[in-house]
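Structure, as structure tokens:
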Protein chains: 2
Amino acid sequence: MTSRPAASPVPAAPAAAAPAAATRSDAARNRGRLLDAAAGLIAERGSDVDVREIARRAEVGMGTLYRHFPTKEALLDAALEHVFTSWAAAASAALTGRAWPDLGRFLADALTRQTASPGLLDAYCQALPGQAGNTARQHCRQQVGPLIAELVRAAHESGELRPDITAEDVSLLLVALGRIAPVVPEPAWRRILHVTLDGLHTRAATPLPRPDRPL
Amino acid sequence: MTSRPAASPVPAAPAAAAPAAATRSDAARNRGRLLDAAAGLIAERGSDVDVREIARRAEVGMGTLYRHFPTKEALLDAALEHVFTSWAAAASAALTGRAWPDLGRFLADALTRQTASPGLLDAYCQALPGQAGNTARQHCRQQVGPLIAELVRAAHESGELRPDITAEDVSLLLVALGRIAPVVPEPAWRRILHVTLDGLHTRAATPLPRPDRPL
DNA sequence: ACCGAAGCGGAGCAGTTGCTCCGGTAGGGT
DNA sequence: ACCCTACCGGAGCAACTGCTCCGCTTCGGT
């Protein structure tokens with residue numbers, strides 16, 4: 001950590017999935033454990049996790065943690081990148097080609113995922129006012145952004161998404177709904193999503209799933 | 001916290017606006033200063049403020065702070081109650097009697113207010129998973145809840161709000177939008193609000209304010 | 001003017017956090 | 001089988017947090 005020769009402006013994450021050179025097997029295993037533990041704890045409790053707890057759950061010591069990642073933030077960062085990447089992959093694989101249902105399903109799936117990991121968006125939104133260096137957000141944008149853009153383009157083409165809506169609008173709506181999804185019962189946020197989709201549709205106002213019988 | 005005799009489930013908030021007995025003038029002044037400082041800091045940075053900083057901004061010492069409020073939480077609580085009360089009063093005074101525009105204006109005003117105080121909703125939503133004792137939320141519900149209920153009732157009666165929407169839905173939407181309003185430029189969240197209102201309207205899909213020219 | 005008590009302030013305590021240090025351990029090329 | 005080296009682990013440091021303690025000040029009734 002004292003004098004790094006040169007390299008890119010991104011210091012950490014040399015290869016999350018490609019150890020490449022001859023790394024010791026236990027080192028690779030511990031790195032993976034740390035990433036999993038960090039991701040799990042972020043999902044459960046948000047991004048203000050105790051490093052000791054990460055190490056404990058990963059069943060490694062503090063020295064190991066800080067050998068693999070220069071700082072807590074770098075660890076969380078790497079974990080988040082992995083999470084966002086796998087989300088984008090799963091969402092992309094779930095597409096059927098029918099634009100409007102795909103959009104709705106993508107949003108519903110994203111919110112379900114968010115329900116299981118309340119802390120994810122917290123990490124994403126953390127330090128938003130200051131911005132400047134929120135890499136979680138950048139990772140999400142890089143991984144999921146193109147997918148949303150494609151969904152929006154296709155839905156525009158099918159004529160069901162009102163033309164004045166941008167991919168940015170959809171991303172924003174997703175973040176907004178994602179902030180409440182984990183803290184209310186699922187039927188509640190499904191109602192909200194339904195209303196939102198109605199607002200997004202060219203011709204709007206379809207009946208809600210079930211107005212008074214929640215499930 | 002050891003053994004409370006009986007009393008109501010709300011322990012704190014003896015009298016935020018009614019010192020009643022013969023209180024010393026400086027005490028009352030300092031109490032007000034603490035409330036203002038706390039509210040200001042919560043608005044700016046959310047509910048994880050340093051008590052020392054509250055005391056510093058209020059220009060009082062730590063002893064004074066803890067003389068007036070038994071715990072940090074109690075202080076934040078009292079400050080939040082005051083904030084929510086004045087919000088409800090202002091919003092209630094702004095009503096014109098025309099239901100649908102009133103609802104839209106109420107939401108827009110709430111979001112503007114939220115933009116100026118990003119930390120407010122953080123305090124409101126904090127510890128939501130555990131729930132159990134989030135008094136900020138209770139205060140908001142008590143103060144603002146009836147107002148939203150009335151807005152929804154009137155908008156239903158006017159026939160413009162789709163009948164399957166409940167006051168709970170509107171509250172939830174407000175929270176969701178409030179979570180993003182402070183972190184994006186105002187035109188962006190106004191677009192989102194517009195879409196949402198379209199989704200709430202019986203016959204939907206009116207043109208957005210300005211699709212591509214943000215302001 | 002006087003005086004008792006309520007009020008004031010900030011140094012200090014205990015707990016928690018992110019991070020470092022260094023003796024011991026075990027991997028893997030030879 | 002050997003040994004060098006990268007790696008492991010957890011005790012310890014410094015900074016920060018919420019909160020308490022206690023000597024001094026100031027209010028306000030007489």
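All values below were derived from every heavy atom in this structure, side-chain atoms included, with hydrogens, water molecules and symmetry-related copies excluded. The chains referred to below are lettered A, B, ... by the order of the sequence lines, with proteins before strands, and numbering in each begins at 1.
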| task | Taking only the side-chain nitrogens and oxygens of B:N30, find out if one of them lies under 4.0 Å from OP1 or OP2 of C:dG7. | result | no
| d(CZ, A:R29; P, C:dG27) in whole Å | 9 Å
| task | Please check the phosphate of C:dG7 (OP1 and OP2 only) for any side-chain N or O of B:T64 closer than 4.0 Å. | result | no
| task | Name all residues meeting the side-chain contact (heavy atoms from CB on, under 4.5 Å) criterion together with A:D36; count only those two or more places apart in sequence or in a different chain, and write none if there are none. | result | none
| Could you state the CZ-C1' distance from B:R31 to C:dG7, rounded to the nearest angstrom? | 14 Å
| message | Applying side-chain contact (heavy atoms from CB on, under 4.5 Å), can you list everything that pairs with B:A181, at least two apart in sequence or on another chain? | response | B:L111, B:T115, B:W189
| query | How long is the line joining CZ of A:R33 and P of D:dC7, in whole Å? | reply | 17 Å
| task | Quickly work out the B:R56 CZ to C:dA11 C1' distance and round it to whole Å. | result | 15 Å
| field | Terminal axes of the helix from C:dA1-D:dT30 to C:dT30-D:dA1 (five pairs each): angle between them, nearest 10 degrees | value | 20°
| message | So which atom in B:A55 and which in B:M62 form the shortest heavy-atom distance, rounded to 0.1 Å? | response | CB-SD, 4.2 Å
| query | Between C:dG27 and A:S25, is there an OP1 or OP2 to side-chain N/O distance shorter than 4.0 Å? | reply | no
| request: Not counting sequence neighbours, list each pair that qualifies as a side-chain hydrogen bond (donor to acceptor under 3.5 Å, both in side chains) and has a residue in residues 176-188 of chain B. | output: B:D122-B:R179, B:E186-B:R190
| Among pairs that include at least one residue of residues 54-70 of chain B, which meet side-chain hydrogen bond (donor to acceptor under 3.5 Å, both in side chains), considering only residues two or more places apart or in two chains? | B:E44-B:R57
| said: Using whole Å, what does the distance between atom C1' of nucleotide C:dG9 and atom CG of B:L34 come to? | reply: 12 Å
| request: Nearest whole angstrom, please: distance from the P of D:dC7 to the CG of A:L65. | output: 15 Å
| request: Would you please name every residue forming a side-chain contact (heavy atoms from CB on, under 4.5 Å) with A:P101, sequence neighbours left out? | output: A:R98, A:R105
| Over how many whole Å does the gap from A:I54 atom CD1 to C:dT17 atom P extend? | 11 Å
| Expressed in angstrom and rounded to an integer, what is the separation of A:E53 atom CD from C:dT16 atom P? | 12 Å
| query | Sequence neighbours excluded, which residues qualify as side chain to side chain donor-acceptor pair (under 3.5 Å) partners of A:T96? | reply | A:D102
| message | Counting primed atoms plus P, OP1 and OP2 as sugar-phosphate and everything else as base, spell out the protein contacts along nucleotides 14-25 of chain D at 4.0 Å heavy-atom distance: B, S or - for each nucleotide, 5' to 3'. | response | ---BBBBB----
| task | Check A:T196, A:V175, A:L107 against A:V170 for a side chain to side chain contact (heavy atoms under 4.5 Å, CB included) and give me the one that passes. | result | A:L107
| query | Just to confirm, is there a sub-4.0 Å distance from OP1 or OP2 of D:dC8 to any side-chain nitrogen or oxygen of A:H68? | reply | yes
| query | Does any pair with a residue in residues 83-94 of chain B pass salt bridge (charged side-chain N to carboxylate O under 4.0 Å, His left out), and if so which ones, sequence neighbours excluded? | reply | none
